[in-house]
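Labels below follow one simple rule: chain letters A, B, ... track the order of the sequence lines, proteins then strands, and each chain is numbered from 1. This structure is a prediction, so every number in the text was calculated from the model and none was measured.
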There are 2 protein chains.
Amino acid sequence: MPEFLDLHSKASKALRAAAEAAVRRHGLHLGQDHLLAVLWRQDGSTPGEVAAALNVTTPNVVKAATRMAAAGLLTRRRDDRDNRLVRLWLTDTGRALQAPIEEERRHLEDQITADLSETEREHLLSALAKIHRSATALLNEMS
Amino acid sequence: MPEFLDLHSKASKALRAAAEAAVRRHGLHLGQDHLLAVLWRQDGSTPGEVAAALNVTTPNVVKAATRMAAAGLLTRRRDDRDNRLVRLWLTDTGRALQAPIEEERRHLEDQITADLSETEREHLLSALAKIHRSATALLNEMS
DNA sequence: GCTCGATCATTAACCGGTACACGATTTTGG
DNA sequence: CCAAAATCGTGTACCGGTTAATGATCGAGC
């Protein structure tokens, strides 16, 4: 039971639960806010583009988009020029969530990092970045 | 898109993928190694005990146990004295995985934290612990 | 102009996680 | 002793994630 992996797993779980609760207050499920964030930045993105932006697989985006379309957050429309493509367009409901969700996310980050000094926070970010690089490199050299 | 949440999310995903690949080399799925770890420490634990030890819900353990029983890693047996209880017992196969899996996990932690100095590592652990506490406190005061 | 390969979304099947409802058993209180 | 409450495992249904297979469409080359 290595120290870091164990602690990271626990922290991750708690963080995930907190994020879930925060976003659910606005009728969303975890991860849907990320998908919306892509559309807020570029409305009319395709599932493939969204998947690439979020580092998830395309089927995952398709499934989420289906649920979110049913929830009235976005609509699907095929591209006129290239009929293979599907474009996801925000509804007014989906667009209206941007401000509250972004505020909620900022608030969550503030609460989560409240116990950290500024230098602690910087060190944490830099260490996390190194972890991220190592893990990504590990994945690449395996595949 | 707050800095820490975003970075943590990315690092988490990469770490998860790396752990998945590491454990899959031994025929396991992600999370099953944690369940096994509980049984390595205390064979014959009940699903509820395992769930409490792993901070997951009981149905989750039940489902995982069903798959792992099918995979020949453990067996189910009802408790003789209290017939409500079910106890999970390791098979030889499940027991034999302890050394290789623990080694794999140590190796993964070493690779992941290779770029960190000793003080960086300590600071990371302490910061992660604070994050964990904050997130847990946040969850409690919400529920 | 037509075929063959590349590209894209979708579906199905699986795993880990959750909440909720259900049923069986044990324990407690009267 | 017996009814009511607490405990425990399980089933169902959902969400996020994956891989692999399918099907439609577009583009390049002959």
Legend entry - By ring-ring contact (aromatic ring centres under 6.0 Å, His included) - contacts of His123(B) (at least two apart): His123(A)
Legend entry - Contact list for DNA chain C against residues 54-72 of chain A - heavy-atom distance below 4.0 Å: Thr58(A), Pro59(A), Val62(A)
Inset, instruction - Write down the distance between CG (Leu85(B)) and P (dA6(D)), rounded to a whole number of angstrom. - result: 18 Å
Inset, instruction - Write down the distance between CG (Leu73(B)) and C1' (dC15(C)), rounded to a whole number of angstrom. - result: 14 Å
Inset, instruction - Please check if the side chain of Trp40(A) supplies one atom and the backbone of Leu35(A) the other of a donor-acceptor pair under 3.5 Å. - result: no
Legend entry - Spacing of Leu35(A) atom CG relative to dA9(C) atom P, expressed in whole Å: 13 Å
List the atom pairs, with distances to 0.1 Å, where a side-chain N or O of residues 82-89 of chain A and a protein N or O form a donor-acceptor pair under 3.5 Å, not counting sequence neighbours.
residue, atom, partner, partner atom, Å
Asp82(A), OD1, Arg84(A), N, 3.1
Asp82(A), OD1, Arg84(A), NE, 3.1
Asp82(A), OD2, Arg84(A), NH2, 2.8
Arg87(A), NE, Asp79(A), OD2, 2.7
Arg87(A), NH1, Gly44(A), O, 2.8
Arg87(A), NH2, Asp79(A), OD2, 3.4

Legend entry - His132(B): partners by ring-ring contact (aromatic ring centres under 6.0 Å, His included), with sequence neighbours left out: none
Legend entry - Nearest-nucleotide comparison on DNA chain C, the residue closer to the 5′ end among Arg16(A) and Gly48(A): Gly48(A)
Inset, instruction - Look at the side-chain N and O atoms of Thr46(A) and state whether any lies under 4.0 Å from the OP1 or OP2 oxygen of dC8(C). - result: no
Inset, instruction - Take atom CZ of Arg78(B) and atom P of dA24(C), then tell me their distance rounded to the nearest Å. - result: 11 Å
Legend entry - Partners meeting salt bridge (charged side-chain N to carboxylate O under 4.0 Å, His left out) with Glu103(A) (sequence neighbours left out): Arg106(A)
Inset, instruction - If a pair satisfies salt bridge (charged side-chain N to carboxylate O under 4.0 Å, His left out) and one of its residues is in residues 13-39 of chain B, list it, with sequence neighbours excluded. - result: Glu20(B)-Arg24(B), Arg25(B)-Glu104(B), Asp33(B)-Arg105(B)
When you compare the protein's N or O atoms with those of nucleotides 26-29 of chain D, which come within less than 3.5 Å of each other, and at what distance?
residue, atom, partner, partner atom, Å
dC26(D), OP1, Asn83(A), N, 3.0

Inset, instruction - Would you mind reading off the distance between Lys13(A) atom NZ and dG16(C) atom P, rounded to a whole angstrom? - result: 12 Å
Extract all donor-acceptor atom pairs below 3.5 Å that involve side chains of residues 56-67 of chain A and protein atoms in other chains or at least two apart in sequence.
residue, atom, partner, partner atom, Å
Thr66(A), OG1, Val62(A), O, 2.9
Thr66(A), OG1, Arg76(A), NH1, 3.3
Thr66(A), OG1, Arg76(A), NH2, 3.2

Inset, instruction - Look only at the side chain of Ser9(B) and the backbone of Leu5(B), and say whether a donor-acceptor pair between them is shorter than 3.5 Å. - result: no
Inset, instruction - Sequence neighbours left out, what pairs pass ring pair (Phe, Tyr, Trp, His ring centres under 6.0 Å) with at least one residue falling in residues 5-28 of chain B? - result: His8(A)-His8(B), Phe4(B)-His8(B)
Inset, instruction - Indicate, with a heavy-atom threshold strictly under 4.0 Å, whether Arg76(B) touches base, sugar-phosphate, or nothing. - result: sugar-phosphate
Legend entry - Atom-pair distance (CG on Leu36(A); P on dG16(D)), nearest Å: 11 Å
Legend entry - For Glu120(B), salt bridge (charged side-chain N to carboxylate O under 4.0 Å, His left out) partners two or more places apart: Lys130(A)
Inset, instruction - Using atom CZ of Arg87(B) as one end and atom P of dT25(C) as the other, report the distance to the nearest whole Å. - result: 17 Å
Legend entry - Set of residues satisfying salt bridge (charged side-chain N to carboxylate O under 4.0 Å, His left out) with respect to Asp92(B), sequence neighbours excluded: Arg95(B)
Inset, instruction - Give, ordered by number, those residues of residues 23-32 of chain B having at least one heavy-atom distance below 4.0 Å to an atom of DNA chain C; if nothing qualifies, reply none. - result: His29(B), Leu30(B), Gln32(B)
